[in-house]
Amino acid sequence: SLLQARGLQPGELPETWNLSKPEIIEEIHREYLEAGSDVVTTNTFGANHFKFKAEDGYSVQEIVAAAVGNAKRAIKACGHGYAALDMGPTGKLLKPYGDLEFEDAYEAYKEVVIAGKEAGANLVIIETMGDGYELKAAVLAAKENSSLPVVATMTLDEGGKLLTGGDITAAAVMLEGLGADAVGFNCGLGPAQMQKLLPQLLAATPLPAVLNPNAGLPKEVNGKTVFDVDAEEFAQLMYAMAQDGCLAIMGGCCGTTPAHIAALVNKCRNVVPRQRSCDLTAVAAYGSAVVIGHKPVIIGERINPTGKPRLKQAILNGDYDYICRLGLEQIDRGAGILDVNVGVPGIDEAAVSAEAVQRLQAITSVPLQIDTSNYEAMARSLRLYNGKPLLNSVCGKEESLEKVLPLVKKYGAAVVALTLDDSGIPQTAEGRIAIAEKIIARAAEYGIEKRNIIVDPLALTISTGSDNANIDLQVLSELKKRGIKTVMGVSNISFGLPARDAVNSAFFVLAMQAG
């Protein structure tokens, strides 16, 4: 809006002014810094190779370099501040909503990040994102190609939904897992509307919370777009949210002038952000999250070829329609998470697993459990997963710990921990608990919190040991006391027995009572 007031024409790409009118860009940065801003964002919101091509006279690299240079000159002139490399949406929709591949979006953001890092940006701000999948591509590009702090903000409707239907909890737990340094909202809404949505964000993640609202909601007056919240009202509304210290970063988006920022700084200069905590264990698809621990969650495990000749053949034939039908049937019967295992000899499991994950996510909204012992398949499926996945699994074997835990950390998954090691499955509750503690301790070395580890005590059939059920219940009870989440293949308890449904049901009740 400030560029429009200085002559930016309809249809003119604002990023070109970094090169053609750098003095104006630098002047605007100075105005915000003089108003008290700690951070200014580069004029690179739409700078990507889908919009700017060297053959058309502009390259992404030269636009980004010029933009960072303009910001840094303003910072030097004012004697304070940081330059944030600003990245917005590509302008294209990722599959399955559009035709843009995930890795192509990643490459576009990678190019911007590398150019911004080389030009001397101090941090990365990914903003105005309405698609969690595109947001994931941008965060991965920033984390994999720089060591800069990453702030990620999404744009929501008044009901708290992203453009592609995701909710706040699903997006927040995904962003935390991917390693974003701060998360929040920007654009789309004014401070009053964002205030209603803020509690959901604060409940979902302990990361520093960011709020960059518009100056209210836009209105058209005499052919011009104006915003209905003035500087003082803006500052007062922001202070009402920030005064208890729950906000770490505050700023403004559309319509917020240097006067708005000056009022915000003046009103909130004595607010001290506080450290927040969160013990939420959750996995998420693009649309919604499933919280582990509030009530029993059923994982549907029919997409597993073991003992299923029809599914095995479908996997060999590339019949993903059959796989998707199995998924939908399980959701209809109450599954809250779908297990996906395509491990059949003779296939490229990494490619098939990734394709199955993407196909299922295109037609379902429940989180998936990626179930494989193939490390390449783990990595590929985790990377292309839209949300925060559940990975099955890691165990106490050294190879498993060394291969799986780095993937869990990089892609922000929750992981099932099996209580077995190189010596097999311990015959005592104490032995299994010791393995669980070993896995949790090793995970902590990678920066993986205990709340993202879900321990499986490994139910063994009572037909081979009369005490097997009791051992599992002891493990569950002890893990519950220690605040560790648990998962179990309950039906394993009845292998080789008649009336399995009755045995399973009775054991499930006892297992729930044990935690």
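No hydrogens, no waters, no symmetry mates; every other heavy atom, side chains included, goes into these values.
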Sub-3.5 Å donor-acceptor pair from the side chain of [X] to the main-chain atoms of [Y], do we have one?
X	Y	result
K72	G120	yes
K388	G177	no
N266	A262	no
N214	C254	yes
Q200	L197	no
H260	V229	yes
N43	A67	no
H29	I75	no
D228	L217	yes
E134	P89	no

Closest non-hydrogen atom pair between L384 and A354, with its separation:
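So the minimum-distance heavy-atom pair works out to CD1-CB, 3.9 Å.
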Can you see which heavy atom on K161 is nearest to which on D167, and at what distance?
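That closest heavy-atom pairing would be NZ-CB, 3.8 Å.
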[atom1]/[X]: more than 12 non-hydrogen atoms of other groups inside 6.0 Å:
X	atom1	value
E232	CD	no
D99	CG	no
K480	NZ	no
Q275	CD	no
K117	NZ	yes
Y375	OH	yes

So that I can tick it off, tell me whether [Y] and [X] are bridged by a salt bridge, with the cut-off set at under 4.0 angstrom between side-chain N and carboxylate O.
X	Y	answer
K95	E103	no
K410	E144	yes
R359	E355	yes
E176	R276	no
K51	E15	no
R442	E445	yes

Within 45° cone of Y239 ring axis and under 6.0 Å: K267 NZ or CZ:
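Checked: cation-pi criterion met.
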Run the salt bridge (charged side-chain N to carboxylate O under 4.0 Å, His left out) test on E31 and R6 for me, step by step, so that the C-alpha distance in whole Å, both residues' side-chain angles and the decisive distance to 0.1 Å come before the verdict.
CA-CA 14 Å; E31 289 177 0; R6 286 166 166 83; 2.9 Å; yes
Derivation of the side-chain hydrogen bond (donor to acceptor under 3.5 Å, both in side chains) call for N186 and E127:
CA-CA 7 Å; N186 84 289; E127 57 142 317; 3.0 Å; yes
Do you see a donor-acceptor pair shorter than 3.5 Å between the side chains of N18 and Y58?
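Side chains of N18 and Y58: no pair found under 3.5 Å.
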Can you confirm whether or not the ring centre of Y133 sits under 6.0 Å from the ring centre of Y286?
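When the ring centroids of Y133 and Y286 are compared, they turn out to be at least 6.0 Å apart.
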